[in-house]
Number of protein chains: 2
Amino acid sequence: MLHPVILSGGSGTRLWPLSRQNQPKQFLALVGDHSLYQETVLRASKLPGAQPPITVCADDHRFMVGEQLQAVGIASGGILLEPAARSTAPAIAIAALHALARDADATLLVMPADHLIEDEAAFRAAVEAATGLAHDGWLVTFGIRPDYAETGYGYILRGDALGEGGFRVERFVEKPDKATAERYVAEGTYAWNSGMFLFGAQRYLDELARHAPAILDAARAAMAAAKADLDFTRVDRDAFAASPSDSIDYAVMEKTDRAAVVPVSCGWSDIGSWSSLWSVAQRDGEGNRYEGDVIAVDTRDSLVRASERRMIATIGVEDLVIVDTPDATLVARKDRVQDVKAVVDKLKSAGRQEHLFHRKVYRPWGSYDSIGVGERFQVKRIVVKPGAALSLQKHHKRAEHWIVVSGVAEVTCDDRVFDLHENESTYIPLGSVHRLRNRGTEPVELIEVQSGSYLGEDDIVRLEDVYGRS
Amino acid sequence: MLHPVILSGGSGTRLWPLSRQNQPKQFLALVGDHSLYQETVLRASKLPGAQPPITVCADDHRFMVGEQLQAVGIASGGILLEPAARSTAPAIAIAALHALARDADATLLVMPADHLIEDEAAFRAAVEAATGLAHDGWLVTFGIRPDYAETGYGYILRGDALGEGGFRVERFVEKPDKATAERYVAEGTYAWNSGMFLFGAQRYLDELARHAPAILDAARAAMAAAKADLDFTRVDRDAFAASPSDSIDYAVMEKTDRAAVVPVSCGWSDIGSWSSLWSVAQRDGEGNRYEGDVIAVDTRDSLVRASERRMIATIGVEDLVIVDTPDATLVARKDRVQDVKAVVDKLKSAGRQEHLFHRKVYRPWGSYDSIGVGERFQVKRIVVKPGAALSLQKHHKRAEHWIVVSGVAEVTCDDRVFDLHENESTYIPLGSVHRLRNRGTEPVELIEVQSGSYLGEDDIVRLEDVYGRS
């Protein structure tokens, strides 16, 4: 059976300030209402015979993965938490082991979580072709027929035809210079290396055993010592970290003599920059893409994204990318957006946080947004999901006032447990053991005013936590 | 004696989004720490023999004028509230009547509140020259020696020399086209019409009597029926509104045979647009002016202003103006900033508020800032100045929670009056008569959470108000 494997890696700095380390590109709704991760699992779920998707992600993103799956009603085939980044070959190895434990005959469809595919029918046809080749023992990579001479991707040169629309891989080539890329496009036998693969899980492990046995050994040890944590599988840290870091391309695909490529034109994009998002977006007659509250005067060929409760006005500009978020705004020339990296590097070296977190922070129980800060106080807007609870906790350096603005909150404060209704408030003194819980069916929204000498997120002692964080 | 008259008119849309109808350009600190209005009164106060300045302003701006004077320690010579905009001739007429009531020999130095003068010594020398001419009965206008062929100003052609650096005015000319402006600059006998004047108050009224008697009659009637209100003089609405609307240039200066001009080079600018602010600002080696938290990569010849708690990043851009405020961001090509008017027009016709008010609103008792809004609640950060009090009031449709985060607030809630200290909170039920007062010497800062079905500013019944607003 076909087991989709979604690789949710990547730090996502290239779409800063919308993407942050704690919410990278794959979890953003960049095109339409769903995130790229959601689009990817939905696309996979429609394939004939597809099993629930296996997601490989970083520990920090586990609750987001869980919630985003739930939001689109897709059952999880497993959420494997990578304790360290070791590139794609080890990530696919643990997914293969996970799948084989359930289905000795598993076929894997490996897809990065952050790619866009516009033509799903063409994609499905390519998957069907690849499935046939995989049954014959081929390790199939999907090659995107190039629209133009892109220098940012690797290319695959195809060799002999294998039938079913597939070809033997003649050669993988690194990112070319412009002239070489133009030649590749003209020749018609080269395709972009999309990072999507299809093969038997056991075939992949067999090839790993041959070409990269240290990766396979580490993956086996890491999965043997893995621990279940709620809906997540915690892969063993030390065992996994011992794996060499290598991509599937280098570790397996370039070495095996059974690499095949299925070329496809499916409106694929990796949305690797703001300019590539602009190029795949629906645009108006002047070449503009606006999101949110934008008032534009004589503006052309630009991407403008306003954020909630804020407007952007543009006058007489062209070829710009303007992206607003609650704490940072980017204004960049469209052909210079790759230098977002330089801005993120400056933020890093200044010890700042705008590349790590959004002002609004998602937690397993809901979210909070720091809407106002002063010298000795902070105001947060907190939303607690139905049925959810924050940890039982206390703070050494701050007291908290809570005012419920919608829903009914159950409050624990030392020995007392009581309900707080809309428009009621309470006070949590410094040092008091407290908990906030939503036993209702609607979200609880409240305003928290913190006061004290130190208001950092690290002043928290978790005594009990239903999400395993204490 | 010399009575500075500060004309604080102008709707200030040209510097949107920083300027708003309720806080136009003259009240903004655009260059340095003081507002243009404060710079103007400070400059006037240093002139030999200068009396406290007389300010003519709109009713909406009276508390801002009072506070900005107080903040720089300048005593007021009167704050005259114009009940309607009638251009400069009537505004100067009421100021002349006000000055003559105190000093029968008053000389007026008329200055718009929103101009920048960099070379104060040159300005003082010009005032001295003009004072001599005024003693001889001349009505003096200050002509700015042009640096370049500006087409946005009127020009003054000088005639015969009058001694003391002054000249008879040969002719006032309207805003010229580019070629004409270039000729004016080349000829050296033309100067920009700065809108600054110096003359005897009685002389001005005499000329009005001759050339525009309806304006004088209206001004006399309006001042005769004026009412004192705290530190303000409320000019009579109906009488003032009956005045023709006309500028001093048309009504008097172009008609009198006693118009003189004193040419001066004093680093004058009317900061009529974001590009003119850029041109007078200190810039870095790449031609950029940054204010606030800005991270720039390869940016040139741009003006970038970040707002509090938010950062702006720029990449590869040039000749841009980027101005951020809590609720709106402008990105404009520097040579297109005059089209800010088009954005403001769009806001007006859409019935929006971003051209009228800032998110943070100044009141006579302090300020409030709406930091968070939801479906049935609003969170405000409120600051009450030492000694100040909000009106005794009630709301029909909202309850309020108050949490003091610094200082001590005196709270009235129906029959009770009590102190609320730092980190204490209280609740004002819907319909309760309440008041907030600061009896201390430090500002009181509090968080207000409003809840209810309607949260507009107009749901307020003022029962008592020390600022005359009930």
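Here is how names work: the chains are called A, B, and so on, in the same order as the sequence lines, proteins then strands, and each is numbered from 1.
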Between [Y] and [X], do the side chains contain a donor N or O and an acceptor N or O under 3.5 Å apart?
X	Y	answer
A:Ser451	A:Arg398	no
A:Ser370	A:Gln378	yes
A:Asn22	A:Tyr362	no

Euclidean distance, B:Ser432 OG relative to B:Leu430 CG, rounded to 0.5 Å:
8.0 Å
Per-residue contact mode, [X] against chain A (heavy atom under 4.5 angstrom):
X	value
B:Ile403	side chain
B:Thr314	both
B:Val373	both
B:Asp324	side chain
B:Ile371	both
B:Asp293	side chain
B:Pro326	backbone
B:Val323	neither
B:Ala306	neither

What residue, out of B:Ile322, B:Thr325, B:Val449, has the most heavy-atom pairs lying under 4.5 Å from chain A?
B:Val449
Heavy atoms only, distances under 4.5 angstrom: which of B:Glu354, B:Glu422, B:His401, B:Arg359 has the most pairs with chain A? Name it, please.
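Looking at each of B:Glu354, B:Glu422, B:His401, B:Arg359 in turn, B:His401 comes out on top.
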Could you look at A:Ala350 and say if it's the side chain, the backbone, both or neither that has a heavy atom under 4.5 Å from chain B?
neither
How close do B:Leu347 and A:Ile295 get, heavy atom to heavy atom, and via which atoms?
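Here B:Leu347 and A:Ile295 meet closest at CD2-CD1, 3.6 Å.
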Within 45° of the axis and under 6.0 Å from the centre of the six-membered ring of A:Trp274, does NZ or CZ of A:Arg14 qualify?
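Not flagged: A:Arg14 not positioned over aromatic ring of A:Trp274.
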Is there a donor-acceptor contact under 3.5 Å from the side chain of B:Asp339 to the main chain of B:Val343?
no
